[in-house]
Amino acid sequence: MIASLNRHKNSNENLAIIRNGDWTLRKSQRLKKARKLAFRLVRVSCLLGFCALLYACLIEPNWLEINRLHLNLPHLASEFNGYRIVQISDIHTDKWTNQKRLNRIFRLVNQQKPDLVVITGDLVTRHSQAFISNLKIALAQLTPVDKTVAIFGNHDYEADPQAINQALEQTDIATLHNAIYTLHRGNAMLHIAGVEDVCMGKERLDLVLKQLPSDGAAILLAHEPDFADTSAATGRFDLQLSGHSHAGQVRLPFFKPLILPNLAHKYYSGCYLVKKMLLYTNSGIGMTGLHLRFGSRPEITVLTLVANG
């Protein structure tokens, strides 16, 4: 009987060993499958990351978007109904935004058949004054019906503002340093006002308002879009055009950009109504920091003005 018990005990022990072996084998197989899956996920993630980086470096920075809007301005005279303004901003002329790219951009601007071209600051990247001559050649290609007007951004003051001013003057571009340029159609007027850069503390809206006639629609060029809270409070401007934000430059879909410059946190991209004033923030042409764009294509904006009635 003792021998029978021992045989039964040995049989149970052998069964337990077999079961443990099976469990160990299954565990080993599961681990191998998990490692293979993890390795595949890592490879796919690396591939997707590499493709996203290539896209952000090579494709989107060169994929210009032309946005067309019709804007109703309450004080616009009927003589200016259908008036076409093409806005570009944040050109950031530098080693990357070279002559070839500049020529392509300005060729596209001309193809929109603008009555007026407005440039809302940052024509040159900070410390990139060596490339101002490239900008001058490109600016000379613009062919609006009436005029090209420009304001400075913060980067322009950290390049060579005098040389930039000279390039603008030599290409017959009106630079609005806290000043106004008035367009005429018969007795009707359309005022284009410009403030100096707000980040640099050079804006003088009070001087602009003193120069601004009481009649006629008024459009304000201000590099920093969040200045709209100040300009809208005056009740004098129908529209503000801005840039500065680059729409975040790198932006995930459905999310606000993680990095935005000072005075571009509130109105960083597209069209807004601030009190009774319209605001449009252009995404810009060039780049700063890492030369990447993701989810914020470079932009040329075509604005067609509409008069009431």
Side-chain angles (χ1 to χ4, degrees), residues 53-67 85-176 194 197 221 223 241 243-247 249-250 261 282-294 296-302:
L53 184 62
L54 280 180
Y55 171 83
C57 286
L58 302 176
I59 297 176
E60 188 162 308
N62 295 296
W63 189 14
L64 273 163
E65 183 174 20
I66 300 176
N67 283 326
I85 298 175
V86 174
Q87 180 196 8
I88 54 175
S89 193
D90 300 83
I91 300 168
H92 284 291
T93 306
D94 53 18
K95 186 177 180 179
W96 189 89
T97 309
N98 55 31
Q99 193 68 68
K100 183 179 179 180
R101 287 187 172 91
L102 288 169
N103 291 343
R104 175 174 173 260
I105 292 161
F106 285 87
R107 186 165 57 250
L108 285 171
V109 169
N110 286 335
Q111 287 174 7
Q112 310 315 308
K113 303 186 185 311
D115 294 306
L116 179 76
V117 174
V118 301
I119 305 172
T120 46
D122 281 358
L123 292 93
V124 180
T125 300
R126 64 168 58 95
H127 311 312
S128 298
Q129 51 267 33
F131 301 96
I132 292 174
S133 58
N134 291 349
L135 175 68
K136 179 182 172 183
I137 292 169
L139 290 172
Q141 300 173 30
L142 290 172
T143 57
V145 173
D146 287 323
K147 194 72 172 174
T148 299
V149 297
I151 57 170
F152 277 14
N154 52 305
H155 278 256
D156 299 314
Y157 288 102
E158 298 181 67
D160 186 340
Q162 290 184 343
I164 297 170
N165 253 329
Q166 187 177 31
L168 293 169
E169 288 174 4
Q170 291 174 350
T171 50
D172 195 32
I173 293 174
T175 311
L176 303 179
D197 188 75
L221 311 183
H223 183 60
L241 299 177
H244 187 51
S245 68
H246 302 189
Q249 201 167 294
V250 175
N282 180 288
S283 297
I285 296 290
M287 295 166 288
T288 55
L290 293 174
H291 281 69
L292 304 172
R293 275 188 180 265
F294 189 91
S296 56
R297 288 169 59 189
E299 176 183 9
I300 294 171
T301 313
V302 182

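Remember, predicted model here, so these are calculated numbers, not experimental data. Heavy-atom basis, side chains included; hydrogens, waters and symmetry copies ignored.
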Only pairs at least two apart or in different chains count here, so list each salt bridge (Lys or Arg N to Asp or Glu O under 4.0 Å) that has a residue in residues 132-144.
->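 Residue pairs passing salt bridge (Lys or Arg N to Asp or Glu O under 4.0 Å), neighbours aside: none found.
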Could you note down all residue pairs passing salt bridge (Lys or Arg N to Asp or Glu O under 4.0 Å) where residues 108-129 supplies at least one of them, sequence neighbours left out?
->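 Listed once each, the pairs are R126-E158.
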Between D94 and T125, a side-chain donor and acceptor under 3.5 Å =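 Their side chains do contain a donor-acceptor pair, which is all the 3.5 Å distance test asks for.
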How many angstroms lie between [atom1] in [X] and [atom2] in [Y], if you round to the nearest 0.5 Å?
{"X": "I132", "Y": "N165", "atom1": "CD1", "atom2": "CG", "answer": "10.0 Å"}
{"X": "S128", "Y": "N134", "atom1": "OG", "atom2": "CG", "answer": "11.0 Å"}
{"X": "I85", "Y": "L221", "atom1": "CD1", "atom2": "CG", "answer": "8.5 Å"}
{"X": "T301", "Y": "N282", "atom1": "OG1", "atom2": "CG", "answer": "4.0 Å"}
{"X": "I151", "Y": "T175", "atom1": "CD1", "atom2": "OG1", "answer": "10.5 Å"}
{"X": "I91", "Y": "F106", "atom1": "CD1", "atom2": "CZ", "answer": "4.0 Å"}

Is a donor on one side and an acceptor on the other found under 3.5 Å between the side chain of [X] and the backbone of [Y]?
{"X": "Q249", "Y": "M287", "value": "no"}
{"X": "T93", "Y": "F131", "value": "no"}
{"X": "D90", "Y": "H244", "value": "yes"}
{"X": "R297", "Y": "W63", "value": "yes"}
{"X": "R293", "Y": "I59", "value": "no"}
{"X": "S283", "Y": "A247", "value": "no"}
{"X": "N110", "Y": "Q141", "value": "yes"}
{"X": "D197", "Y": "N154", "value": "yes"}

Side chain to side chain donor-acceptor pair (under 3.5 Å) partner of N103, the single match among Q99, K100, R101 =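 With N103 as partner, side chain to side chain donor-acceptor pair (under 3.5 Å) holds for just one option, Q99.
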Option passing side chain to side chain contact (heavy atoms under 4.5 Å, CB included) with K147 (candidates D172, L142, I173) | D172
Check the angle between the aromatic planes of H291 and W96 and answer parallel, tilted or perpendicular using the 30° and 60° thresholds.
-> tilted
